[in-house]
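All values below were derived from every heavy atom in this structure, side-chain atoms included, with hydrogens, water molecules and symmetry-related copies excluded. Order of the sequence lines fixes the chain letters, A, B, ..., with proteins taken first and strands second; residue numbering starts at 1 for each chain.
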Amino acid sequence: MTTEPSPPNRGYDAAAIETRWQRIWNDERAFASEVISRDGIPVDLPDRAKAYVLEMLPYPSGEIHMGHVKNYTMGDAIAHYRRRQGAAVFHPMGYDAFGLPAENAAIRTGEPPAAVTARNIARIREQLQRLGFSIDWDTEISTADPGYYHWTQWIFLRMFEKGLAERREAAVNWCPTDQTVLANEQVIDGSCERCGTQVELRQLTQWFLRITDYADALLEDMDLLEDWPERVLAMQRNWIGRSEGARVSFRTDDGTHDLQVFTTRPDTLFGATFFLIAPEHPLVAALVDGRPEQDAVMDYARAAARASLADRAATDKPKTGVFTGRYVINPVNGERLPVWVADYVLMDYGTGAVMAVPGHDERDYAFARQHDLPVVRVVAGDGVDADAPFEGAEAGDGRLVNSTFLDGLTVEDAKSRIAAWLTDNGVGEATIGYRLRDWLISRQRYWGVPIPVVHCDACGTVPVPDDQLPVLLPDVDDYAPKGRSPLAASEAFVNTPCPRCGGDAQRETDTMDTFVDSSWYFLRYTAPNYGGGPFEKDVVDYWLPVDQYIGGIEHAVLHLLYARFFTKVLNDLGLVGMREPFARLFTQGMIYRDGAKMSKSKGNVVSPDEIVDRFGADTLRLYVMFMGPAADDIEWSDRGVIGARRFLDRLWTQVSACDDGRGVVDRPSGDSLARDADARELVRKVEATIDKVTGDVGERFSFHTAISAIQELTNAATRTPADSEDTGHAFRYAVQTAVSLLFPFAPHVSCEMWERLGGDRLWEAPWPTADPALMATDQITLVLQVNGKLRDRVEVAAGLGDDALLAAARASEKIQAAIAGKEVVREIVVPDRLVNVVVKG
RNA sequence: GCCGGAGUGGCGGAAUGGUAGACGCAGCGGACUUAAAAUCCGCGGCCCCAGCGGGCAUGUGGGUUCGAGUCCCACCUCCGGUACCA
């Protein structure tokens with residue numbers, strides 16, 4: 001830390017108290033779940049309300065950071081709250097343990113990734129336990145454990161059987177630094193999301209999961225995700241990128257080849273003046289074979305293949321391309337269109353070929369101007385002549401022109417008309433395009449789940465039989481990536497009899513993307529040690545979907561999309577009952593320091609351990625919840641931490657003032673409150689606080705305002721004079737309620753204070769409920785306005801009628817002065833709130 | 001460009017269409033102390049005024065309303081995502 005504020009030198013002993021309560025909770029297994037399939041033994045499913053509270057599992061990098069603290073503290077507060085409301089709560093924890101960091105460490109030091117990972121997990125577990133989270137530690141899982149990845153492989157095989165996992169050749173993203181392929185979702189701005197290296201496109205045979213088969217289901221079932229942040233849904237929608245259009249078939253003028261295009265503007269078919277194919281298009285070589293243009297075209301295609309993704313994707317560079325010398329026939333009017341190869345056409349999207357309509361597409365327009373190709377208008381906006389010159393592409397709405405049978409139609413009508421025409425003439429059809437690509441899961445790296453298949457010369461690709469799972473990750477001497485998986489170097493691993501014919505065969509040596517591991521972990525928690533399957537359906541169906549999922553926004557289109565896909569596949573296989581895994585999602589904001597995300601390289605990291613050492617876990621937890629709205633990015637403040645501790649110390653002092661052996665008291669009686677106005681006002685504040693905190697924690701996830709309400713209550717208690725038995729009782733009631741409400745955020749010291757107040761087992765005590773009758777005030781401040789401007793305030797009894805309130809307003813000298821000599825036009829009365837006198841002149 | 005979100009004191013932020021700035025941080029004044037720290041009490045948007053008071057204030061400009069931080073329209077700025085997606 002850059003500043004060194006002193007810890008308070010008075011107050012409670014955080015280290016002693018926190019250790020004590022952690023031991024008690026642990027000894028009593030206080031947060032163990034009732035309904036977990038431990039070894040395939042049938043369990044009774046209670047019909048109480050259930051709450052599956054889940055935070056995204058951590059990658060065990062060695063140290064937790066503040067983001068984790070915020071994430072898990074929020075989940076813990078919700079879990080505690082739901083538990084005390086009487087729900088059966090499930091709050092598990094695990095580790096996303098496969099992945100590159102441990103492997104890269106292994107390459108540097110020679111220590112096996114399994115050992116690095118085991119050490120890191122032990123460290124993270126210790127840190128989490130030190131923060132006192134109410135986790136069911138019996139359910140703890142690691143995705144790198146053979147007992148876990150056995151079932152990752154099993155699920156993969158079920159997908160393989162359904163044709164949802166397949167091995168095929170494709171242009172894929174290759175990271176030259178990490179020496180492995182990457183999924184589309186892991187390429188950010190043309191660079192590897194992990195190391196930032198620009199990725200290359202390579203033509204390789206790889207394993208894919210057919211997530212595109214689920215594109216529509218992933219879109220449609222967003223309706224089931226009512227409590228997901230809009231921006232996450234928007235990102236997923238954009239990522240899937242569904243667009244309605246048509247497939248159209250163009251034949252070469254010599255009739256030898258058929259080229260398909262996808263277009264969202266089939267209405268502009270008459271405006272096509274040339275035709276483009278991607279440099280990677282499989283027909284490029286065939287089209288130019290033996291022609292004079294061959295060399296130029298092939299050189300261009302090779303250059304495009306070499307260019308980095310980022311260079312290819314730059315939209316501001318000139319539109320390059322080469323004419324192939326070939327022509328295709330526009331099926332709608334028989335016109336010959338010259339075929340060009342251009343690198344702005346992506347092999348990845350649609351069919352890798354497009355009809356170019358420069359009049360109504362910006363990119364085609366730029367290309368046409370660049371290469372002197374004709375531009376034709378087929379859509380004319382209001383008042384635009386059919387043959388008016390162009391100043392740029394016109395993508396707007398209008399009516400069709402120069403399009404024979406489409407002339408006069410709106411764009412929308414022309415689209416359906418031409419779709420019908422294409423179908424009738426057998427040259428195309430209406431279809432849907434997606435931006436979403438299949439999920440490339442092969443990785444040429446060591447520390448991941450082996451893909452459980454065998455390659456046999458006689459039988460082809462053969463799945464490993466279920467009874468031979470798990471395919472264990474072998475020990476190897478060298479973890480360094482060499483462009484192929486390190487597993488390939490282990491002959492004992494690779495060479496195996498074919499499960500089908502018994503002949504010599506080789507195991508697949510690629511491992512799986514770690515996002516596969518985390519696509520189903522939330523199911524395994526319900527049966528962490530079960531050996532008979534990945535989970536048990538009835539237990540999964542009891543707990544799932546997750547009632548509240550909490551994690552970072554960075555997984556909006558990665559983990560969250562993949563996990564939804566897995567759930568749908570498992571649902572289709574009849575293995576789980578639900579279609580969506582996470583009913584409600586909360587994405588927490590990041591913690592910044594000095595205007596930047598905390599990171600070692602920037603040297604602005606505040607370590608959770610250091611804060612716990614100095615102030616205690618309760619202080620850290622309270623502070624991260626108090627900083628600001630949980631969903632917002634917020635700047636860390638060293639001084640703010642001290643403020644949180646100061647509040648706990650103040651409450652501790654108040655509890656000490658109640659240390660008289662009276663025990664936990666009931667709400668003061670009506671008689672007591674009728675006798676004493678101070679007691680009445682303080683109890684009113686208590687009830688209002690219960691109401692506020694309950695809504696903030698239970699419904700609005702507005703933890704910072706919940707905490708400030710508790711602070712207001714303790715401030716009010718302090719200010720209440722303890723001058724009678726009635727105020728003494730009210731004070732005690734206020735303090736004990738503050739402790740009870742604070743518990744989800746600062747559980748250790750709350751339990752200690754509760755005990756000192758004479759209470760027992762606060763984590764099981766029912767959550768307080770407010771008495772609405774006591775929340776009402778008997779005095780209100782009536783706001784007096786003239787023409788909507790504040791002019792005066794008066795104290796009056798609550799519940800007065802309009803006439804009495806008007807009378808009070810008219811009695812105000814300031815109001816009289818403000819309306820003197822003016823005509824009163826209208827008087828607005830809002831009961832128990834304000835009077836607004838409207839005057840003229 | 002497109003999609004999503006946000007603009008309120010010195011700072012983090014609060015506010016069912018009804019007292020703008022709760023709560024906290026920093027600051028200032030006071031108490032305690034030989035002194036400091038800690039703690040406790042109090043003050044606190046900006047401008048004018050000795051004071052009483054008054055004026056101006058929630059990114060900008062319009063609108064709806066008795067009344068707008070809040071609702072509507074247009075714009076500006078910032079943040080995040082995405083982008084030759086045909």
Side-chain angles (χ1 to χ4, degrees), chain A residues 5-11 188-189 229-239 241-243 245 261-266 268 276 278 312-317 319 342-346 348-357 360-364 366-367 433-437 553-554 556-557 589-590 623 626-629 631-644 646-647 649-650 653 702 704-715 718-719 781-793 814 825-830 832-839:
Chain A
S6 311
N9 59 12
R10 282 202 301 178
I188 311 293
D189 291 334
E230 183 51 42
R231 62 175 170 159
V232 175
L233 296 176
M235 279 190 234
Q236 293 207 354
R237 247 182 245 115
N238 286 343
W239 193 260
R242 181 181 197 273
S243 51
V261 301
F262 172 74
T263 175
T264 54
R265 293 296 304 273
T268 62
L276 300 168
R312 264 295 284 275
T315 53
D316 47 359
K317 61 168 192 176
K319 299 261 179 295
D343 71 354
Y344 78 89
V345 178
L346 307 175
D348 238 18
Y349 184 75
T351 58
V354 301
M355 63 178 211
V357 183
H360 307 284
D361 181 282
E362 218 179 293
R363 297 149 303 168
D364 296 345
F367 192 87
Y434 297 93
R435 188 183 168 282
L436 183 68
R437 304 266 61 87
I553 186 73
E554 64 274 18
V557 289
M590 282 192 295
Y623 175 63
F626 183 63
M627 289 174 84
D632 290 7
D633 294 341
I634 310 220
E635 179 85 10
W636 174 268
S637 156
D638 293 336
R639 295 294 323 181
V641 180
I642 297 177
R646 199 146 54 198
F647 167 68
D649 282 328
R650 264 203 317 270
T653 307
S702 181
H704 66 308
T705 53
I707 293 165
S708 80
I710 299 168
Q711 292 178 335
E712 280 187 63
L713 176 60
T714 64
N715 290 348
T718 307
R719 281 193 285 267
T781 305
L782 183 69
V783 172
L784 305 181
Q785 299 179 330
V786 174
N787 288 348
K789 277 188 183 278
L790 177 75
R791 290 300 166 198
D792 200 6
R793 295 167 194 159
K814 287 177 186 167
V825 186
R826 204 173 154 188
E827 287 163 317
I828 312 281
V829 180
V830 182
D832 282 345
R833 217 174 263 278
L834 66 76
V835 173
N836 183 17
V837 182
V838 185
V839 296

Tell me whether the count of non-hydrogen atoms from other residues, nucleotides or ligands lying under 6.0 Å of CD in A:Glu362 goes above 12.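 For A:Glu362, atom CD is not crowded (no more than 12 foreign heavy atoms under 6.0 Å).
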RNA chain B: 5'-proximal contact among A:Val232 and A:Ser708 (nearest heavy atom):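 The residue whose closest nucleotide sits nearer the 5' end is A:Val232.
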How do A:Arg826 and A:His704 order along RNA chain B: which one's closest nucleotide is nearer the 5' end?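 Checking each residue's closest nucleotide, the 5'-ward one belongs to A:His704.
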Nucleotide [N], atom [atom2] - distance to [atom1] of [X] in whole Å:
{"X": "A:Asp632", "N": "B:rU8", "atom1": "CG", "atom2": "P", "answer": "12 Å"}
{"X": "A:Gln711", "N": "B:rG13", "atom1": "CD", "atom2": "P", "answer": "16 Å"}
{"X": "A:Glu230", "N": "B:rG81", "atom1": "CD", "atom2": "P", "answer": "17 Å"}
{"X": "A:Glu712", "N": "B:rA14", "atom1": "CD", "atom2": "P", "answer": "14 Å"}
{"X": "A:Arg237", "N": "B:rG80", "atom1": "CZ", "atom2": "C1'", "answer": "17 Å"}
{"X": "A:Ile642", "N": "B:rA37", "atom1": "CD1", "atom2": "P", "answer": "14 Å"}
{"X": "A:Ile634", "N": "B:rG24", "atom1": "CD1", "atom2": "C1'", "answer": "12 Å"}
{"X": "A:Gln236", "N": "B:rG80", "atom1": "CD", "atom2": "C1'", "answer": "16 Å"}

What nucleotide among [options] has an atom nearest to a side-chain atom of [X]?
{"X": "A:Ile828", "options": "B:rU19, B:rG81, B:rC66", "result": "B:rC66"}
{"X": "A:Arg650", "options": "B:rG4, B:rC40, B:rC66", "result": "B:rC40"}
{"X": "A:Asn238", "options": "B:rG81, B:rG18, B:rC40", "result": "B:rG81"}
{"X": "A:Asn715", "options": "B:rG24, B:rC3, B:rA22", "result": "B:rG24"}

What pair of heavy atoms forms the shortest contact from [X] to [Y], and how long is it?
{"X": "A:Ala556", "Y": "A:Met235", "value": "CB-SD, 3.6 Å"}
{"X": "A:Ala631", "Y": "A:Arg231", "value": "O-NH2, 4.4 Å"}
{"X": "A:Tyr349", "Y": "A:Gly433", "value": "OH-C, 4.2 Å"}
{"X": "A:Thr781", "Y": "A:Arg793", "value": "CG2-CB, 3.9 Å"}

Mind checking [X] for me? I need base, sugar-phosphate or nothing, with any heavy atom below 4.0 Å counting as a touch.
{"X": "A:Pro629", "result": "sugar-phosphate"}
{"X": "A:Arg242", "result": "nothing"}
{"X": "A:Thr268", "result": "nothing"}
{"X": "A:Glu827", "result": "nothing"}
{"X": "A:Phe626", "result": "base"}
{"X": "A:Val838", "result": "sugar-phosphate"}

Rounded to whole angstrom, note down the [atom1] distance from [N] over to [M].
{"N": "B:rC46", "M": "B:rA57", "atom1": "C1'", "answer": "7 Å"}
{"N": "B:rG67", "M": "B:rA20", "atom1": "C1'", "answer": "14 Å"}
{"N": "B:rC2", "M": "B:rA74", "atom1": "P", "answer": "14 Å"}
{"N": "B:rC76", "M": "B:rG61", "atom1": "P", "answer": "15 Å"}
{"N": "B:rG24", "M": "B:rU39", "atom1": "P", "answer": "13 Å"}
{"N": "B:rG63", "M": "B:rG53", "atom1": "C1'", "answer": "33 Å"}
{"N": "B:rC41", "M": "B:rC48", "atom1": "C1'", "answer": "31 Å"}
{"N": "B:rU8", "M": "B:rG69", "atom1": "P", "answer": "15 Å"}

Without swapping roles, check the side chain of [X] against the backbone of [Y] for a donor-acceptor pair under 3.5 Å.
{"X": "A:Arg437", "Y": "A:Asp348", "result": "yes"}
{"X": "A:Asp633", "Y": "A:Gly589", "result": "no"}
{"X": "A:Arg363", "Y": "A:Asp361", "result": "no"}

Using the purine O4'-C1'-N9-C4 or pyrimidine O4'-C1'-N1-C2 torsion, is B:rG9 syn (within 90° of 0) or anti?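 Syn, angle within 90° of zero.
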Which nucleotide, if any, forms a Watson-Crick or G-U wobble pair with [N], using both distances under 3.5 Å?
{"N": "B:rG29", "answer": "B:rC41"}
{"N": "B:rG24", "answer": "B:rC11"}
{"N": "B:rU82", "answer": "B:rG1"}
{"N": "B:rA74", "answer": "B:rU60"}
{"N": "B:rC66", "answer": "B:rG18"}

Give me the distances for all protein-to-nucleotides 84-86 of chain B N/O pairs that come in under 3.5 Å?
unit_1 : atom_1 : unit_2   : atom_2 : d
B:rC84 : O3'    : A:Arg363 : NH1    : 2.8
B:rC84 : O2'    : A:Tyr344 : O      : 3.3
B:rC84 : O2'    : A:Arg363 : NH1    : 3.4
B:rC84 : O2     : A:Lys319 : NZ     : 2.5
B:rC84 : N3     : A:Lys319 : NZ     : 2.7
B:rC85 : OP1    : A:Arg363 : NE     : 3.4
B:rC85 : OP1    : A:Arg363 : NH1    : 2.5
B:rC85 : O5'    : A:Arg363 : NH1    : 3.3
B:rA86 : OP2    : A:Tyr349 : OH     : 2.7
B:rA86 : O3'    : A:Thr263 : OG1    : 3.0
B:rA86 : O3'    : A:Thr264 : N      : 2.3
B:rA86 : O3'    : A:Thr264 : OG1    : 3.3
B:rA86 : N6     : A:Leu346 : N      : 3.1
B:rA86 : N6     : A:Leu346 : O      : 2.7
B:rA86 : N6     : A:Tyr349 : O      : 3.3
B:rA86 : N1     : A:Leu346 : N      : 3.2

Establish, with yes or no, whether the OP1 or OP2 oxygen of B:rA57 is under 4.0 angstrom from a side-chain nitrogen or oxygen of A:Lys789.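 False: A:Lys789 side-chain N/O out of range (4.0 Å or more) of B:rA57 OP1/OP2.
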Under 4.0 Å between a side-chain N or O of A:Arg646 and OP1 or OP2 of B:rC25?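 Yes, within the criterion.
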Any donor-acceptor N or O pair under 3.5 Å, side chains A:Thr705, A:Ser708: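 Checked: A:Thr705/A:Ser708 side chains show no N/O donor-acceptor pair below 3.5 Å.
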Under 6.0 Å between ring centres, would you say that holds for A:Tyr623 and A:Trp636?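 Yes, the ring centres sit under 6.0 Å apart.
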